[in-house]
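All remarks here apply to the structure that follows.
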Amino acid sequence: MSAVPQGSLLEQLAVIVGREHVLTAPEDTAPYLVDWRRQYRGPAEAVLRPASTAQVAALVALCARAGVAIVPQGGNTGLCGGSVPTGARREVVLSLARLNRIRALDALNDTVTAEAGCALAQIQRAADEAGRLFPLSLGSEGSCQIGGNLSTNAGGVNVLRYGNARDLVLGLEVVLADGRVWNGLRGLRKDNTGYDLKQLFIGAEGTLGVITAAVLKLYPKPTASATAWMAVRDPARAVELLARLRERLGDRLSAFELVSRRCLEAVLAHSGAVRDPLGAPHPWYVLAELADSGTHAALEARAEQALLECAERGVLIDLALAKSEAQAHELWRIRDTIPEAQFLNVKHDVSVPVSKVPDLIERAGSALERAFPGCAVYAFGHIGDGNVHYNVGMPEPRANEALVARRAEVNAIVYEVVAALGGSISAEHGLGQLKREEIARHKDALELELMRAVKRALDPRGIMNPGKVL
Ligand code: FAD
Ligand code: ZN
């Protein structure tokens, strides 16, 4: 570690957190300065690693006085470049990783109070050990942190039943942009005492304050689960299947994920350990997860009856029902491997009303084919929430690189269809640096004005994560 100059800002920061937690040497800071996809990289005066809310507050107050901007960072798994500096001004990275205590778990109130730096998987485990479920679940759950999940209002595979991160929060503790601490750590399901301030900080991507702890909702742990891999003719059948299964199974349906044949083929080519769950190829698949209290046999019988009805109506062409936990794991491995199986292409994380997903896939596909003949669309994701990960590439590597270089044109085609269908250009990953300029073309001017007013009210000096979101 390099020497910290006496009396400087860094020296004063070191007094608060200890010299070993003010990282300045390039080999120490490097992992904090580049995002997960390695698309964004920026310099920082230091990486700060506080261990308590009081330390975060003191660091923020000091930086605010010095006019140095703060980039909060959780697990650094974000996909929009929100968690790394931009290099446009003096910045420090504030890593929340050492704020990683579960402060309390109240099983009768069905709540857990966790510090921002707790890994998502750590909170899931704590809930599980108490006989409860914390339902937020993402591919990155081993390394992302709850502070990052709340700041991006993360989605994942269980939104259909439990909502996204925003829906799972009862209270927050936040260090404001001037270093004051707002203690909103309430575990109340009912509290109508004015504006719901916590919701402002959720999904704000660190631009309004630093989340240091949260009171999160827990749920009963299901005692039975079933996993089904189903083939359908097209996305319209997938949407119909969703409606019929919800009629029959209600909230037992916790995940409903769309996978195109092209995505499955990419996974098969990428990972030798995965095999096609069905004998013959089909154009589209749905991976569904069911969970219930009661016995496994009862859930399976109910599921089989509902699926049989769908098959008889022709909504469903073929089906593989997992017969063991290992088989269920294999089916989910297909879904979880899709992102890494097609790493370099033009990615979109969009949403439309669930009923419009087939239109989105059809219209964007035809428009792209006209503009970029032979292009390959990888469409998959949380169709139960109307959220499609719609990625576009070219089969041949050189042509693919050329397409990626023209990403703005690809984006424009997809976003035009999304807008026409009343959708959003960012369903669950946020805006960060990636979509900061694009959003200005899609959001209503009044909405943007209100967002800027909130930003000015909470961060008048503009030191919280500048160059992100707005
Ligand atoms: P970071 O990347 O560190 O930060 C994200 C943003 O939040 C930044 O703007 C940062 O400044 C801000 N921030 C972080 N912590 C705080 C804090 N304590 N206070 C204030 N601001 C803060 N996302 C989904 O929604 N659904 C998915 O299914 C999904 N799957 C993924 C799968 C993989 C393999 C990967 C790599 C990512 C996936 N993501 C998914 C994206 C990512 O994991 C989420 O956005 C996650 O919520 C980010 O958490 P993090 O702790 O890594 O945050
Ligand atoms: Zn997703």
Side-chain angles (χ1 to χ4, degrees), residues 31-32 34-38 40 50 53 56 60 69-86 91 93-100 114-122 136-159 164-166 172-177 200-214 255 257-258 335-341 343 347-351 380-385 387-391 426-434 436 459 464-469:
Y32 298 88
V34 61
D35 75 315
W36 189 80
R37 276 192 185 143
R38 306 197 160 268
Y40 295 96
T53 301
V56 174
V60 171
I70 291 153
V71 182
Q73 189 176 97
N76 199 12
T77 67
L79 300 175
C80 298
S83 56
V84 293
T86 63
E91 287 173 288
V93 170
L94 185 79
S95 165
L96 279 301
R98 292 175 67 226
L99 267 81
N100 60 358
E115 292 184 342
C118 288
L120 174 53
Q122 179 190 350
L136 189 65
S137 176
L138 321 179
S140 55
E141 62 200 24
S143 32
C144 64
Q145 298 171 7
I146 193 66
N149 300 146
L150 299 183
S151 299
T152 55
N153 185 26
V157 292
N158 286 331
V159 175
N164 41 31
R166 188 183 295 288
L172 279 190
E173 179 186 81
V174 179
V175 171
L176 304 176
L200 282 179
F201 297 97
I202 300 171
E205 300 182 53
T207 60
L208 300 179
V210 183
I211 295 174
T212 48
E257 300 281 308
L258 183 73
R335 167 64 185 87
D336 292 340
T337 308
I338 298 173
E340 66 192 70
F343 203 75
K347 300 188 195 299
H348 306 89
D349 162 40
V350 296
S351 64
F380 66 101
H382 324 290
I383 187 175
D385 319 322
N387 175 191
V388 183
H389 297 309
Y390 192 92
N391 301 343
S426 181
E428 61 173 4
H429 296 159
L431 299 173
Q433 300 183 58
L434 178 67
R436 178 187 173 222
D459 180 22
M464 289 307 311
N465 215 3
K468 320 288 165 57
V469 181

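Every number for a ligand or one of its atoms is a count from 1 in the order of the listing.
Contacts of N149 with ligand 1, taken as heavy-atom pairs under 4.0 Å, involve both backbone and side chain. The proximity of L150 to ligand 1, defined as any non-hydrogen pair under 4.0 Å, does not occur for either the backbone or the side chain. Here A116 has side-chain heavy atoms under 4.0 Å from ligand 1, and that is the only part of it that gets that close. Under 4.0 angstrom from ligand 1, the non-hydrogen atoms of L96 all belong to its side chain.
Comment: R335 engages E257 in a salt bridge, judged by a side-chain N to carboxylate O separation of less than 4.0 angstrom.
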Discussion item. Let's go through N149 and L138 carefully: what are the C-alpha distance in whole Å and the side-chain angles of both, what is the deciding distance for side chain to side chain contact (heavy atoms under 4.5 Å, CB included) to 0.1 Å, and is it a yes or a no?
Written reply: CA-CA 9 Å; N149 300 146; L138 321 179; 3.8 Å; yes
Item to complete: Show the numbers, then the answer: is there a side chain to side chain contact (heavy atoms under 4.5 Å, CB included) between V71 and K468?
Response: CA-CA 10 Å; V71 182; K468 320 288 165 57; 4.0 Å; yes
Fill in: Criterion side chain to side chain contact (heavy atoms under 4.5 Å, CB included) on V84 and Q73, from CA distance to verdict
CA-CA 7 Å; V84 293; Q73 189 176 97; 4.1 Å; yes
Worksheet item: Hey, mind stepping through K347 and N391 against side chain to side chain contact (heavy atoms under 4.5 Å, CB included) and telling me if it holds?
Response: CA-CA 4 Å; K347 300 188 195 299; N391 301 343; 3.4 Å; yes
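At least one N or O atom of E428, backbone or side chain, sits closer than 3.5 Å to an N or O atom of ligand 1. Considering backbone and side-chain atoms alike, G74 places an N or O below 3.5 Å from some N or O of ligand 1. Every N/O-N/O distance between Q73 and ligand 1 stays at or above 3.5 Å. Between G82 and ligand 1, at least one pair of N/O atoms sits closer than 3.5 Å.
Scanning all protein heavy atoms for the shortest distance to atom 28 (O) of ligand 1 gives G156 CA, 3.5 Å. Atom 2 (O) of ligand 1 has as its closest protein heavy atom G78 N, 2.8 Å. Scanning the protein for heavy atoms near atom 21 (N) of ligand 1, the closest one is S151 OG, 3.0 Å. Residue, atom and distance of the protein heavy atom nearest to atom 11 (O) of ligand 1 are P72 O, 2.6 Å. With hydrogens left out, the protein atom closest to atom 19 (N) of ligand 1 is I211 N, 2.9 Å, a heavy atom. For atom 38 (C) of ligand 1, the closest non-hydrogen atom on the protein side is S140 OG, 3.6 Å. For atom 50 (P) of ligand 1, the closest heavy atom belonging to the protein is G75 N, 3.4 Å. If you check which protein heavy atom lies closest to atom 45 (O) of ligand 1, you get T152 OG1, 3.5 Å.
Under a 4.0 angstrom heavy-atom cut-off, G155 registers as being in contact with ligand 1. Ligand 1 lies less than 4.0 angstrom from a heavy atom belonging to H429. Residue contact annotation: G209 has a non-hydrogen atom under 4.0 Å from ligand 1. Not a single heavy atom of G432 lies less than 4.0 angstrom from ligand 1. Within the 4.0 Å heavy-atom shell around ligand 1 one finds N76.
The backbone N or O of A69 lies less than 3.5 Å from no partner atom in the side chain of E91, so there is not a single donor-acceptor pair. Panel note: side chain E173, backbone T53; no donor-acceptor pair is recorded below 3.5 Å. Side-chain N or O atoms of E340 include none that pairs as donor or acceptor with a backbone N or O of T337 at under 3.5 Å. Remark: side-chain polar atoms of N153 are not paired, donor with acceptor, to backbone N or O of I202 under 3.5 angstrom.
Across A177 and D459, no two heavy atoms sit closer than the pair CB-OD1, 3.5 Å. Summarising the geometry of H429 relative to L79, their closest heavy-atom pair is CE1-CD1, 3.4 Å, with the distance given to 0.1 Å. Contact record, I211 with S151: CD1-OG, 3.6 Å, taken as the closest heavy-atom pair. Taking each heavy atom of S137 and N158 in turn, the nearest pair found is CB-ND2, 3.8 Å. Minimum heavy-atom separation, V60 to L176: CG1-O, 3.4 Å.
Distances under 2.8 Å from the Zn ion (ligand 2) pick out the protein N/O/S atoms H382 NE2, H389 NE2, E428 OE2.
The structure places CG of L208 at 8.0 Å from CE of M464, a figure rounded to the nearest 0.5 Å. The distance from the CG atom of N76 to the CG atom of D35 is 7.0 Å, given to the nearest 0.5 Å. Between atom CG of residue L431 and atom OG1 of residue T152 there is a gap of 11.0 Å, rounded to the nearest 0.5 Å.
Listed by number with element, the atoms of ligand 1 under 4.0 Å from a non-hydrogen atom of C144 are 49 (O), 50 (P), 51 (O), 52 (O). Within ligand 1, counting atoms from 1 as listed, the ones closer than 4.0 Å to a heavy atom of G206 are 20 (C), 21 (N). Here is the list of ligand 1 atoms found below 4.0 Å of a heavy atom in E205: 9 (O), 11 (O), 12 (C). Less than 4.0 angstrom separates some heavy atom of N465 from each of these atoms of ligand 1: 9 (O), 11 (O). Atoms of ligand 1 lying under 4.0 Å from any heavy atom of A154, numbered from 1 in the order shown and given with element: 25 (O), 47 (O).
Relative orientation of the H389 and H382 rings is perpendicular, given thresholds of 30° and 60° on the angle between their planes.
Between the side chains of T86 and Q433, not a single donor N or O lies within less than 3.5 Å of an accepting N or O.
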